[in-house]
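Please read all numbers here as calculations on a predicted model, not as lab measurements. Hydrogens, waters and symmetry mates play no part in the numbers below; they use all other heavy atoms, side chains included. Letters A, B, ... are given to chains in the order of the sequence lines, protein chains preceding strands, and every chain is numbered from 1.
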2 protein chains.
Amino acid sequence: MLVVDDQAVVRAGFAAIVDAEPDLTVVGEAGDGASAVELAGREAPDVVLMDIRMPGMDGLTATRLITAPESGPRVLVLTTFDLDAYVYEALRAGASGFLLKDAQPEELLTALRVVASGDGILAPAVTRRLIDTFAQGAPPPPVVTGALGGLTPREREVLLHIASGLANAEIAAALGVTTGTVKTHVNALLTKLGLRDRVQATILAYESGLIRPRGAPAG
Amino acid sequence: MLVVDDQAVVRAGFAAIVDAEPDLTVVGEAGDGASAVELAGREAPDVVLMDIRMPGMDGLTATRLITAPESGPRVLVLTTFDLDAYVYEALRAGASGFLLKDAQPEELLTALRVVASGDGILAPAVTRRLIDTFAQGAPPPPVVTGALGGLTPREREVLLHIASGLANAEIAAALGVTTGTVKTHVNALLTKLGLRDRVQATILAYESGLIRPRGAPAG
DNA sequence: GGCGGTCTCTACCCTGCGGTAGAGGCTCCG
DNA sequence: CGGAGCCTCTACCGCAGGGTAGAGACCGCC
């Protein structure tokens, strides 16, 4: 198995959990998407445990590349954030599973074995939302190119302003356009990301690292 | 001058900037509110450069204590977040000035000298908002006990749900009350914090550390 | 040239949110 | 006991926000 996470401690933690199992072995670790792709090609692991948020190449892009070959490794995406946009994107990118980081260690191990066997697995909460989505006769997952990558420059700009707490009228003033135009961008952006409102967009901005709390991380 | 910030690097940075000035001297550093109060009493600096967000006793409480004595030091509050609630609180706590961390070094030095001389100073953006507020015939600053401290337990709970991206109806379902009740709490909470809408509340939740991004801080 | 994507704007609709006011029941505390 | 604070609910209002549709202008690319 290959562990991919930009935080060394997290990586080590997962590796320790996995290595304690007799039937599972960590064959490598990577701190970013590019190294992950390279290592996956070199070590040919059965499974890659992939974090989404990483500097440089993100986990979704790496997943796309790793799962491109017909007989490539299976990828289990592990994230701390469960917005729909991520789930859809991960599955579209070729992931075999999607787990949240608050999962129990046993769940993680089970998921790894399930994915290794070729089956798919999703976190319970994620599964329920997907079911709800389809039950409501919702159209197939919104097309997203990559967490935030699918947005146009203007849309990303608007997203930043949203996440700064600005109202549409204020964003319009800041950009020198009409509020109608801002609404168009907001709508496009929410649709692309699979979000409901600007609050979720704000959360995504923080959770995705687009915006980082400026205060101290201590406390 | 006394530098108070929980991040050692930030502290060192400010100290370096200040010490390079012939007319300014750093007489001490503190990493939390309690040490700041103690040091302020011991060193009797002219000015205290105070960060708001700190583990343990926060900067506002420390400011309150430090400025309590008639001839106590002047306090220049430096924050990375400019929500109205902080500004009002800081001024009510006895601060002589309020600067944002994205200020230029020269602005910081100027502010320090101005505050040391007994005058008050505010960041331009902050000043404009205060003027706007008063221009609109707005009542005196909302009474806030301390960033998030003034909220009732229920209100904090609602704030957490807001910052999780839930709509009022969903919060109501989660708490087992009517949406009307949730709206009451939301309204009370926004008013107490001096915020306009739930997006700003969400931002505050992140910036205040109430919620911490679950993703990696790298990137 | 034609096509696709982006940015811009307009118009309309409806819902959820935010603001205000009042009111009843509860607990804690002086 | 009486008051204060909190939680709860109701009702109403206005508006910003979100959904949908269409349309013109610009640019880069085939």
Side-chain angles (χ1 to χ4, degrees), chain A residues 83-85 136-139 142-146 148-205, chain B residues 83-85 133 136-139 142-146 148-204:
Chain A
L83 278 188
D84 292 0
Q136 288 172 5
V143 178
V144 186
T145 309
L148 299 178
L151 301 183
T152 68
R154 202 55 157 175
E155 286 161 358
R156 259 193 301 279
E157 200 173 355
V158 170
L159 173 55
L160 274 174
H161 282 101
I162 287 177
S164 296
L166 298 188
N168 287 339
E170 293 168 334
I171 298 174
L175 298 183
V177 300
T178 65
T179 66
T181 299
V182 173
K183 289 178 72 171
T184 301
H185 290 314
V186 171
N187 227 281
L189 157 184
L190 292 179
T191 303
K192 283 184 181 177
L193 297 176
L195 306 175
R196 178 175 53 192
D197 53 43
R198 56 211 294 119
V199 175
Q200 294 192 343
T202 302
I203 295 172
L204 179 62
Chain B
L83 280 188
D84 292 0
T133 300
Q136 288 172 3
V143 178
V144 186
T145 310
L148 299 178
L151 301 184
T152 68
R154 201 54 157 176
E155 286 161 357
R156 259 193 301 278
E157 198 172 355
V158 170
L159 173 55
L160 274 175
H161 282 99
I162 287 177
S164 296
L166 299 187
N168 287 339
E170 293 168 334
I171 298 174
L175 299 182
V177 300
T178 65
T179 66
T181 300
V182 172
K183 290 178 71 171
T184 302
H185 291 314
V186 171
N187 226 281
L189 157 184
L190 291 179
T191 302
K192 284 183 181 177
L193 296 176
L195 307 175
R196 178 175 55 191
D197 53 43
R198 56 210 294 122
V199 174
Q200 293 192 344
T202 302
I203 295 172
L204 179 63

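When the side-chain nitrogen and oxygen atoms of B:Arg154 are compared with OP1 and OP2 of D:dT8, one or more of them lie within a distance under 4.0 Å. For the OP1/OP2 pair of C:dG19 and a distance below 4.0 Å, the side-chain nitrogens and oxygens of B:Asn187 include at least one atom meeting the criterion. Contact check, B:His185 against D:dC6: no side-chain N or O comes under 4.0 Å of OP1 or OP2.
Rounded to a whole Å, the CD atom of B:Glu170 is 14 Å from the C1' atom of C:dT15. In this structure, A:Asp197 atom CG and D:dG17 atom C1' are separated by 9 Å, rounded to whole Å. Between the CG atom of A:Leu190 and the P atom of C:dG16 there is a distance of 16 Å, given to the nearest Å. Between the CZ atom of B:Arg198 and the P atom of C:dG19 there is a distance of 11 Å, given to the nearest Å. When rounded to the nearest whole Å, the span between CG of A:Leu159 and P of D:dG18 equals 12 Å. Regarding A:Lys183, its NZ atom lies at a distance of 13 Å from the P atom of D:dT20, rounded to whole Å. Distance A:Leu195 CG to D:dG17 P: 16 Å, rounded to the nearest Å. In this entry the distance linking CG of A:Leu151 with C1' of C:dG5 reads 14 Å, nearest Å.
A side-chain donor-acceptor contact under 3.5 Å links B:Thr181 and B:Thr178.
A heavy atom lying under 4.0 Å from DNA chain D marks the following residues of residues 171-182 of chain B, by number: B:Val177, B:Thr178, B:Gly180, B:Thr181.
Looking at heavy-atom distances under 4.0 Å, A:Asn168 makes contact with sugar-phosphate atoms alone, never a base.
Take the nearest nucleotide of DNA chain C for B:Thr184 and for B:Arg196: the residue whose nucleotide is more 5' is B:Arg196.
Residue B:Ile203 comes nearest to A:Ala163 through the heavy atom pair CD1-O, 3.0 Å, listed as atom of the first residue, atom of the second, then distance.
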